[in-house]
Amino acid sequence: MQKELKIYNTLSGQKEVFVPIHADKVGMYVCGPTVYSDVHLGNCRTFISFDMIYRYLLYLGYKVRYVRNITDAGHLENDADEGEDKISKKARLEELEPMEIVQKYTVGFHAILKQFNTLPPSIEPTATGHIIEQIEIVKDIIAKGLAYESNGSIYFDVEKHNQKHDYGVLSKRKIEDLISGTRDLDGQDEKRSPLDFALWKKASPFHIMRWPSPWSQGFPGWHLECTAMSQKYLGSRFDIHGGGMDLKFPHHECEIAQGEAVNGHSPVNYWMHANMLTLNGKKMSKSTGNNLLPEELFTGNTDLLDQGFHPTVARFFMMQAHYRSELDFSSEALKASEKGFHKLMNGIKALDKLPTANTSSENVELLLIRLHDAMNDDFNTPILIANLFEIISFTNKVNDGNASVTEKDLNDLKTVIHSMVFDVLGLTFLEEVGNDKLAGTMEVILTLRKNARDQKDWGTSDLIRDKLSEVGIQIKDGKEGTSWTIS
Ligand code: AMP
Ligand code: ZN
């Protein structure tokens, strides 16, 4: 049933048929968070997008090694290798050990991603755990004549590298334009050219995070960690590298240059970039404060919202946009998603009680092919969801007696819909997500109500139903017993 998967490759600017290097195994690296503050919803969108991509690759039967790093050193405030290390600065301001900052926000990051039902990566390496590997790469690049030392720091020589390779190939920038677009060096600068980037930085006296190296007590450049860790766990050439759109330049461009310098070839076959979540039309960002925290979304505790939203509803909202499209966050859009989410989930629940017939009034195989076609077309989740709604409107008709489905077709529908909704989109019934206590409580309440009904105590039975409805829980009595949904 599954046709070939096509992936939009930022490098070629086209959708390409996905051919992994090792037949059924896929190596995927995604740039993780810099753990110096809470992740905002924008960060979450990128990680949820790649979680969906990871899940679909698993669904297709690939054995995926999914590496997502934690940046716990080396990410400076400014992309031009200036300013303080973000973690070091936070530690200094809060008078904490940098690793206390790292621990706090790594734990927080995991807790948030768990609420969004993302799968953990296969390996989650840290920059500080790979200082030795990074120093080895720096030595190698120096030995190849593509990096130079300046006052204890080491810089990558972009123009020299560009004589044999194409710096700018990913972000479609020309080196001449890049040169003319940068400020002139003022003579005080350590770099030979403003395009050069740091592989190793000598630590200034107040910089708390530092390691010994052949050149100075210092710390690795931000771009280097991803080269070191991806190469260590996935090899010098691997299948997929992902991250948010804003990492294309300079971060990923520099990763390509480093990989080429060390191995003589480009490190990645398919570069994938997830688009931004915006708020008021502007990118959500830690530094500008134009962002929303997941906790604010879940509780509704913000001026931007008049109610809270469940993480799985927020995930559904994100899945309704293609991962390469910008998505603007608003209360209205989330409310619309919430409605759609309930429609889909109630439709799925109803599948269990659908009557079957000798013939199907729809070509079910075709309906299912369309689901796969959507995902095979560069993970097109909005089309997938639109097709799921079409199926639900067909099964609703079956429920109303206006259409028919055979038992075999119904079983096929159930299997594929369950896989797509729960395994691939990563959605969950509201009552399931981190809500075991609610499910347990509901079981108790419904047992008490059943006892009341058995004793023909309709007053108590109706009171329970009405009180539940007031708090947004709808119950429905059917032949198989009583079911409940959160509205
Ligand atoms: P950071 O911790 O800032 O390095 O970001 C972690 C990830 O979140 C990176 O892949 C960024 O590209 C991504 N990211 C940052 N802001 C947004 C946003 N507004 N929407 C989507 N992804 C974002
Ligand atoms: Zn990275």
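When a ligand or atom number is given, it counts from 1 through the structure's own listing order.
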Considering L247, N291, V35, L277 one by one, which has a heavy atom nearer to atom 20 (N) of ligand 1 than any of the others?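 Nearest heavy atom to atom 20 (N) of ligand 1 lies in L277.
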Candidate with minimal heavy-atom separation from atom 5 (O) of ligand 1, of D246, N43, N275, V30: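 Nearest heavy atom to atom 5 (O) of ligand 1 lies in N43.
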Heavy-atom pairs closer than 4.0 Å: do any link ligand 1 to the side chain of T34, the backbone, both, or neither?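 T34 to ligand 1: contacts from backbone and side chain alike.
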Would you mind running through ligand 1 and noting each atom that sits below 4.0 Å from a heavy atom of M284?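 With M284 as reference, the close atoms of ligand 1 come out as 16 (N), 17 (C), 18 (C), 19 (N).
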Which atoms of ligand 1 have any heavy atom of K283 under 4.0 Å away?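 This gives 16 (N), 19 (N) as the contact atoms.
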Give me the nearest non-hydrogen protein atom to atom 10 (O) of ligand 1 as residue plus atom name, then the distance to 0.1 Å.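 Heavy-atom neighbour on the protein nearest atom 10 (O) of ligand 1: G244 N, 3.0 Å.
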Which residue and atom name correspond to the protein heavy atom nearest atom 23 (C) of ligand 1, and how close is it?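 The closest one turns out to be G42 O, 3.5 Å.
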Short side-chain donor-acceptor distance under 3.5 Å, [Y] and [X]:
X: Y36; Y: D85; answer: no
X: Q258; Y: T227; answer: yes
X: E16; Y: S12; answer: yes

Do [X]'s NZ or CZ and the ring of [Y] fall within the cation-pi criteria of under 6.0 Å and 45°?
X: K343; Y: F389; answer: yes
X: R68; Y: Y29; answer: no
X: R192; Y: Y148; answer: yes

Close N or O approach ([X], ligand 1; < 3.5 Å):
X: K286; value: yes
X: T46; value: yes
X: G243; value: no
X: M276; value: no
X: F47; value: no

Is K202 salt-bridged to E190, going by a charged N under 4.0 Å from an acidic O?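 The answer is no: the pair does not qualify as a salt bridge.
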Any Lys/Arg nitrogen of D81 or K201 sitting under 4.0 Å from an Asp/Glu carboxylate oxygen of the other?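 So D81 does not pair with K201 through a salt bridge.
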Taking atom CD as the centre, does E95 end up with more than 12 heavy-atom neighbours from other residues, nucleotides or ligands that are less than 6.0 angstrom away?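 No, because the 6.0 Å sphere around CD of E95 holds 12 heavy atoms or fewer from other groups.
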With a cut-off of 6.0 Å (strictly less than), are more than 12 heavy atoms of other residues, nucleotides or ligands near NZ of K335?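 Count over threshold, so yes.
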Could you go step by step and tell me if E77 and K86 meet the salt bridge (charged side-chain N to carboxylate O under 4.0 Å, His left out) rule? CA-CA 6 Å; E77 290 174 284; K86 295 184 185 194; over 6 Å; no
For Y59 and H372: C-alpha separation, side-chain torsions, deciding distance, then whether side-chain hydrogen bond (donor to acceptor under 3.5 Å, both in side chains) applies. CA-CA 11 Å; Y59 171 78; H372 292 104; 2.7 Å; yes
For the Zn ion (ligand 2), how many protein N, O or S atoms lie at less than 2.8 Å?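 Total protein N/O/S atoms under 2.8 Å from the Zn ion (ligand 2): 3.
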